[in-house]
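Encoded as C-alpha cells, the structure appears first; notes follow it.
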Amino acid sequence: MHFFKLAADISTTTWSNLTKQSIENELKILAEKGLEKDFFNYCLKWKIAPWVYIQLKRNMLFLTKETQHEFESEYQKVKQQNEARNKTALLFLKRFQEEGIDVAVLKGNYLAHAVYKDVGYKRMNDFDILIRKGDWDKIQDIYLELGFIPLGNGWSGEKEKPASYSHVGMSYISPDFSCIVGSQWGLKSPTTSYTVSVEDLWSNTINFDFCGLTVKALSPEYNLLHLVLHLGVYKCGIRDCMDLYNLAANITVDDDKYAAICKKVKCQSKSNFALTISNLSSAQFSIQTEQPINGFLKSRLEKRLAIHQRTGDYQDSYNDYFQDIEKQVIYFNLFPKFHKRLHYYLCILRLIYFSKSSINLKLNDTSDRKSLWKKLTSWIKAPYYIFSLIAQEIGWKFTCLLFIKLFFDLIFSLKNYFIKKDSYFDYLRKKGIDPRKIEAVVQNIQ
C-alpha cells in the first residue's frame, strides 16, 4: 500500500466530506492489512507524525491503541520542545517591544498560531524573526543581556556588523539551549537574483497573537513569498509544502497582489516551481504562466514530476545535502588551527566530489532506478547539482568566491600555530559552557 496520498490528504487543514470518507476508508484498510505501524514509520520518516496525530484526533479518527500512542508520543515531544522555545522567545520579544524595536515572527512560529492552531504541529529548528537592519546592534545587546550564546563569528566579544552580502545576522542560543533565534533583515540573500523590497515588507505587516503577546507577521502575500523562496529544490516534501497550501487555504492571499510581488522580486520561476511541487500534495494553486520555469529549476521540476509519476511519491528525491555541507563550513570557521580546518575542508570536498550513491541518485531524481549506468551518470552529474544547489541559496558569484575564500582561509590558518588564537570552543569553556552541548544542538538541526 502506498502511503503518500493518505498522508497528503490528512495534512490539509480542512477536509471535504469526500476527503474525510476517503481517509476513513484508507485507515480501515491499514487496520485490516496490519499496516498501521508502517504508516506511522512513514509519517515519522517525513516528519509529519505530530500533524497527522492532531488531524486524526480532531476528526475523531483513531488507530489501534499502540499506534495511537506512538503518534501521540511524537506529538507530545515536539509540542514540549516548541512550547519551551516559545516561552524563551517571549523574553526577547517583550524586551524588543520595551525598546521600541520592530520585529515580525516568521514561518512556522507564525503559522502554528494563525493556521494550524497548535504549537506542536511540527518540529522546528529555530525561531526566525524579521528585524530592521539598523536595529541589529541593539538586538545583540538584548540577546547578551538575556544570557544568549552567540553561534559563530563575534563570539570573542565584538558585536557582529550587518554584512552587505547577507540578509541574516549571527544566530544566538538561549542559556537553557531551548531556543535558537535567527534574526534576518531580508527574506533572501542579496547575492541572489531576487530583489525583495524591505520597506514594502514592513509596510504590509499584520498583527497576531503570539502566546498572549501582540506581535507582527508578514502579510499573506509576503508570507507565501517567503515560504516559496525558502522551499528547497530538493528539501521539499509534504512537511515543507503543507505550509504553502494550508496558508493559502486558511488566510486569503490576493492572487493579483502576490503575482505583482513575484514579478517585482523576479521570482516567477521559483514560485512556479514551488507551487507546482506543492500541488502534488494538495492542488491549491493555479500556476502563473507569464514567466515560464527555466534553467536549473526547469530540469529539476521535470525530473521531480517524472519520479512522482513513476513512484507516486516525489519525496523519493528528498534530501537536505545543502545543510550537510553547510554544517562542515560552520565547523571549518570555528577552528583556527590548520590541521582542524584541513579536516573539515577535505570533508567539504568529499561531500561535493565523492558523494554517496544514494545521494547522487536523489540529486538526479532517479532513486528508483539503481542500475550501474544510473549510478555512474548520477555520480558524474552530482558536483554540478551540488554547486547549483548552493548557488540557489547565495548566487553563483558568491558560491565561487566562497570556495576560493575557504582555500585561502585554510592556508592562512598556518599562522595560528605561531600566533595564539582561541577557538570558539575555547571561548565556550571559559564561559563555563560545555561545548558538547552546542555541538549536539548543531548536529540535531534538521
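Heavy-atom basis, side chains included; hydrogens, waters and symmetry copies ignored.
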For residues 391-402, the side chain to side chain donor-acceptor pair (under 3.5 Å) pairs (sequence neighbours left out) are Lys188-Glu393
Can you check side chain to side chain contact (heavy atoms under 4.5 Å, CB included) on Ser11 and Tyr245, steps first, answer last? CA-CA 10 Å; Ser11 74; Tyr245 53 77; 2.5 Å; yes
Identify, with sequence neighbours excluded, every residue that meets side chain to side chain donor-acceptor pair (under 3.5 Å) alongside Ser378. none
Can you tell me how far the CG atom of Asp316 sits from the OG1 atom of Thr311, to the nearest 0.5 Å? 4.0 Å
For residues 215-231, which residue pairs pass the salt bridge (Lys or Arg N to Asp or Glu O under 4.0 Å) check, not counting sequence neighbours? Asp102-Lys216
Can you say whether the rings of Phe407 and Tyr345 are parallel (under 30°), tilted (30 to 60°) or perpendicular (over 60°)? tilted
Ignoring hydrogens and geometry, is there a side-chain-to-backbone donor-acceptor pair from Asn364 to Asn360 under 3.5 Å? no
Before you tell me yes or no, could you show the steps for Arg304 and Cys236 under side chain to side chain contact (heavy atoms under 4.5 Å, CB included), namely the whole-Å CA-CA distance, both residues' side-chain angles and the distance that decides it to 0.1 Å? CA-CA 10 Å; Arg304 187 65 51 79; Cys236 50; 3.1 Å; yes
Report the C-alpha distance between Leu213 and Gln97 in whole Å, list the side-chain angles of each, state the deciding distance to 0.1 Å, and finish with yes or no for side chain to side chain contact (heavy atoms under 4.5 Å, CB included). CA-CA 10 Å; Leu213 184 71; Gln97 287 194 356; 3.6 Å; yes
So, taking the atom named CG in Asp368 and the one named OG in Ser317, what distance separates them when rounded to the nearest 0.5 Å? 8.0 Å
For Leu201, does its backbone N or O pair with a side-chain atom of Thr205 as donor and acceptor, under 3.5 Å? no
Please confirm whether the backbone N or O of Lys337 pairs with a side-chain atom of Asn416, one donor and one acceptor, at under 3.5 Å? no
Check side chain to side chain donor-acceptor pair (under 3.5 Å) between Asp243 and all other residues, then give those that pass, not counting sequence neighbours. Tyr116, Tyr121, Lys122
Test Ile129 against Phe96 for side chain to side chain contact (heavy atoms under 4.5 Å, CB included), laying out the working first. CA-CA 12 Å; Ile129 56 175; Phe96 292 164; 3.7 Å; yes
Centroid separation Tyr75 to Tyr53 less than 6.0 Å: yes
Geometric cation-pi criterion, Arg300 with Tyr385: 6.0 Å, 45°: yes
Do Arg341 and Phe332 form a cation-pi contact, if we require the NZ or CZ to be under 6.0 Å from the six-membered ring centre and within 45 degrees of the ring's axis? yes
For the residue pair Asn204 and Asp200, confirm or rule out a side-chain donor-acceptor distance under 3.5 Å. yes
Just grab all the ring-ring contact (aromatic ring centres under 6.0 Å, His included) pairs involving residues 194-241, residues at least two apart or on different chains. Tyr110-Phe208, His113-Phe210, Phe127-Phe210
For residues 297-329, the ring-ring contact (aromatic ring centres under 6.0 Å, His included) pairs (sequence neighbours left out) are Phe4-His308, Phe4-Tyr314, Trp46-Tyr318, His308-Tyr314
